[in-house]
Amino acid sequence: MSHRITAPPARASLARRALLAHVMAALAVAPGAARAAARDLLAIPALPSAKAAKALLLGVCLAGRRAVAVGERGVIVFSDDDGTTWRQASVPVSVTLTAVQFPTPEVGWAVGHDGVVLRSQDGGLRWTRRFDGTIANALMADDARQRLETARASGDAAAVEAAETAVEDAAAGGAFGPSRPLLGLWFRTPDDGFVVGSYGQIFRTRDGGERWESLGSALNNPDGLHCNAITATPTGVLLIAGEGGRVYRSADDGARWERLDTGSPGALYGVRALPEAGGGETLLAFGFGGRIFRREGAAAWIPVASPTARSLIGGVTQGGAPLLVDAAGSWCLSKDRGASFQPLRAAGSAPVAGVAALREGALLQVGAGGVRVVPLAA
């Protein structure tokens, strides 16, 4: 069952903005101090900087011909000349942003730490807050309570025990503060989309962020493992890459989810679908330690030999072929629909956290040191 809660307006009180700066850092401080720090980060707009494009950036995408990248301290930068020059956007928060997507050239969404979700309606120049960790905590607590009621009605002792644990976890998270980061997003239209994140978070809006619903109880994820990325296949099937070597698949717009275990305990950071001529889809999942898995139709996952032992953080399509990028900037390309991969580019000089196809034969890579345009021949 999904549950709804209305997002606060942009002029919400500071009390509604009491978010934590970073979920890991929060574990080392008292709840009161953590909430105060988070409130400051959400109350202070991202500071303008001439070096914004050189900041630590974690996510990048295209908005039509415009490139947009997001990162630490609420920095969002954009380029209209294929990455030659960059300008900084107006952002109302200073929390670290982790991912960005534009379903149209004008309307885009970004997610980040403290459960923040931002929206732009002018191609990424200006952003407004549409969701935060306070709302996320309320949704997750409501989800846990509903799950407990259902479990008690079923009489399943194991389900009741798991649901009681979920209620306790939700209460502890709410008492500590809105600290859970969001890590990925996918929007079908400018107004209809999903965001996912740590501890099994998955939320949906159908109306541009006015209202949100939690879909966490629909996942077969009783341990609350992280959901790292979400996307959709060309046929509209939703896919989530998560911790524990898990891929979650929904063919009914998020109402029900099937868990597809790869058999590896390592985290997955991405999943991509390769359309088949007969209408089916081959899935590629990749992540920690350079691991790659391939799944044709309803068959089991098959491990694929990987040219790298570094974590694979993203993938694009070049010339119709899947190209994966690791955390050191190495590339590996498959010319046989993911059955095998060959190294294409050696490691770069700085860590990489995100990637997007700028044009055929060139990628945008972001990470430590900002954003870089890397041609295929490099």
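These numbers come from the heavy atoms of this one structure, side chains and all, not from hydrogens, waters or symmetry mates. Everything numeric here is computed off the predicted structure, so don't read it as measured data.
Residues satisfying the side-chain contact (heavy atoms from CB on, under 4.5 Å) criterion with Ala232, sequence neighbours excluded, are Trp186, Leu238. Listed by chain and number, the residues in a ring pair (Phe, Tyr, Trp, His ring centres under 6.0 Å) with Phe187 are Trp109 (sequence neighbours excluded). Legend: residues meeting side-chain contact (heavy atoms from CB on, under 4.5 Å) with Ser154, ordered by chain and number and at least two apart, are Asp156. Under the salt bridge (charged side-chain N to carboxylate O under 4.0 Å, His left out) criterion, Glu106 pairs with no residue, sequence neighbours left out. Every residue two or more places apart in sequence or in another chain was checked for a salt bridge (charged side-chain N to carboxylate O under 4.0 Å, His left out) with Arg272, and none qualifies. Listed by chain and number, the residues in a ring pair (Phe, Tyr, Trp, His ring centres under 6.0 Å) with Phe102 are Trp127 (sequence neighbours excluded). Shown here are the ring pair (Phe, Tyr, Trp, His ring centres under 6.0 Å) partners of Tyr248, two or more places apart in sequence or in another chain: there are none.
Between Ala273 and Pro234, the shortest heavy-atom contact is CB-CD, 4.1 Å. Among all heavy-atom pairs drawn from Leu215 and Arg204, the shortest one is CD1-CB, 4.2 Å. Of all non-hydrogen atoms in Val196 and Asn228, the two that sit nearest each other are CG2-C, 4.5 Å.
Each of Trp212, Phe131, Phe194 was evaluated against Phe203; a single residue qualifies, Phe131, per the ring-ring contact (aromatic ring centres under 6.0 Å, His included) test. The side-chain contact (heavy atoms from CB on, under 4.5 Å) test with Arg372 is passed by exactly one of Val366, Val352, Leu364, Leu363: Val352. Each of Leu57, Thr96, Val95 was evaluated against Glu72; a single residue qualifies, Thr96, per the side-chain contact (heavy atoms from CB on, under 4.5 Å) test.
At least one side-chain heavy atom of Ile292 sits less than 4.5 Å from a side-chain heavy atom of Leu312. At a threshold of 4.5 Å between non-hydrogen side-chain atoms, the residues Leu274 and Leu284 count as touching. The shortest distance between side-chain heavy atoms of Val195 and Ile202 does not fall below 4.5 Å. For the pair Pro343/Arg345, no side-chain contact is recorded, criterion being any heavy-atom separation below 4.5 Å from C-beta on. Between Pro92 and Leu118 the shortest side-chain heavy-atom distance falls below 4.5 Å. A heavy-atom distance below 4.5 Å is not found between the side chains of Ile44 and Arg73. Two residues are said to be in side-chain contact when any heavy atoms from C-beta on lie closer than 4.5 Å; Ile240 and Val247 fail this criterion. Contact annotation: the side chain of Leu182 approaches that of Val117 to within less than 4.5 Å [non-hydrogen atoms, C-beta and beyond].
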Going by atom type alone, with no hydrogens or angles, which donor-acceptor pairs under 3.5 Å involve a side-chain atom of residues 74-82 and a protein atom two or more places apart or on another chain?
from  : atom 1 : to    : atom 2 : distance (Å)
Ser79 : OG     : Asp81 : N      : 3.4
Ser79 : OG     : Asp81 : OD1    : 2.8
Ser79 : OG     : Gly83 : N      : 2.9
Ser79 : OG     : Thr85 : O      : 2.8
Asp80 : OD1    : Arg66 : NE     : 2.7
Asp80 : OD1    : Arg66 : NH2    : 3.4
Asp80 : OD2    : Arg66 : NH2    : 3.0
Asp80 : OD2    : Arg87 : NH2    : 3.4
Asp81 : OD1    : Thr84 : N      : 3.1
Asp81 : OD1    : Thr85 : N      : 2.9
Asp81 : OD1    : Thr85 : OG1    : 3.4
Asp81 : OD2    : Thr85 : N      : 3.4
Asp81 : OD2    : Thr85 : OG1    : 2.5

Kindly indicate, with the supporting measurements, whether the criterion side-chain contact (heavy atoms from CB on, under 4.5 Å) is fulfilled by Arg147 and Arg145. CA-CA 5 Å; Arg147 178 181 168 188; Arg145 288 191 293 268; over 6 Å; no
Is there a side-chain contact (heavy atoms from CB on, under 4.5 Å) between Arg152 and Glu164? Walk through the geometry before answering. CA-CA 10 Å; Arg152 285 173 173 168; Glu164 288 175 342; 3.9 Å; yes
Derivation and outcome, side-chain contact (heavy atoms from CB on, under 4.5 Å), residues Glu258 and Val237: CA-CA 11 Å; Glu258 176 187 10; Val237 174; over 6 Å; no
Side chain to side chain donor-acceptor pair (under 3.5 Å) between Asn137 and Arg180, intermediate numbers included: CA-CA 9 Å; Asn137 279 344; Arg180 301 180 179 97; 2.6 Å; yes
Test side-chain contact (heavy atoms from CB on, under 4.5 Å) on Leu62 and Arg65 and set out the steps. CA-CA 6 Å; Leu62 294 186; Arg65 294 293 302 274; over 6 Å; no
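Both Leu333 and Val316 belong to a single network of hydrophobic side chains, linked directly or stepwise wherever heavy atoms of I, L, V, M, F, W or Y lie under 4.5 Å apart. Val271 and Ile313 fall into different hydrophobic clusters, where Ile, Leu, Val, Met, Phe, Trp and Tyr are joined by side-chain heavy atoms under 4.5 Å apart, directly or via other members. Note: the hydrophobic cluster containing Leu225 does not contain Leu260 (ILVMFWY, side chain heavy atoms under 4.5 Å, direct or indirect links). Under the 4.5 Å side-chain heavy-atom criterion for grouping Ile, Leu, Val, Met, Phe, Trp and Tyr, Phe293 is not connected to Phe286 through any hydrophobic cluster. Connection of Ile230 to Leu219 is established within a shared hydrophobic cluster, with ILVMFWY side chains joined at heavy-atom distances below 4.5 Å, either directly or through further cluster members.
Residue pairs meeting the salt bridge (Lys or Arg N to Asp or Glu O under 4.0 Å) criterion with at least one member in residues 286-306, sequence neighbours excluded, are Arg294-Glu296. Every pair tested for side-chain hydrogen bond (donor to acceptor under 3.5 Å, both in side chains) that includes a residue from residues 48-64 fails, sequence neighbours excluded, so the list is empty. Residue pairs meeting the salt bridge (Lys or Arg N to Asp or Glu O under 4.0 Å) criterion with at least one partner in residues 231-246, sequence neighbours excluded, are Arg246-Asp261.
Aromatic rings from Tyr269 and Phe288 are positioned such that their centres are separated by 6.0 Å or more.
Under the 3.5 Å distance criterion, with hydrogens and angles disregarded, a donor-acceptor pair is assigned to the side chains of Thr233 and Thr235. With 3.5 Å as the limit, one finds a donor-acceptor pair spanning the side chains of Gln365 and Trp331.
Here the CG atom belonging to Asp336 is positioned 8.0 Å from the CZ atom belonging to Phe341, to the nearest 0.5 angstrom. In this structure, the separation between CZ on Arg206 and CZ on Arg188 is 9.5 Å, given to the nearest 0.5 Å. Between atom CG of residue Asp122 and atom CG of residue Leu125 there is a gap of 5.0 Å, rounded to the nearest 0.5 Å. How far CG of Leu185 is from OG1 of Thr231: 10.0 Å, rounded to the nearest 0.5 Å. For the atom pair Leu344 CG and Ser330 OG, the distance stands at 10.0 Å (nearest 0.5 Å). Distance check: Tyr199 OH to Met140 CE gives 10.0 Å after rounding to the nearest 0.5 Å.
Arg130 and Asp207 are not joined by a salt bridge, as no carboxylate oxygen comes within less than 4.0 angstrom of a charged side-chain nitrogen.
Chaining together hydrophobic side chains whose heavy atoms lie under 4.5 Å apart places Leu56 alongside Leu58.
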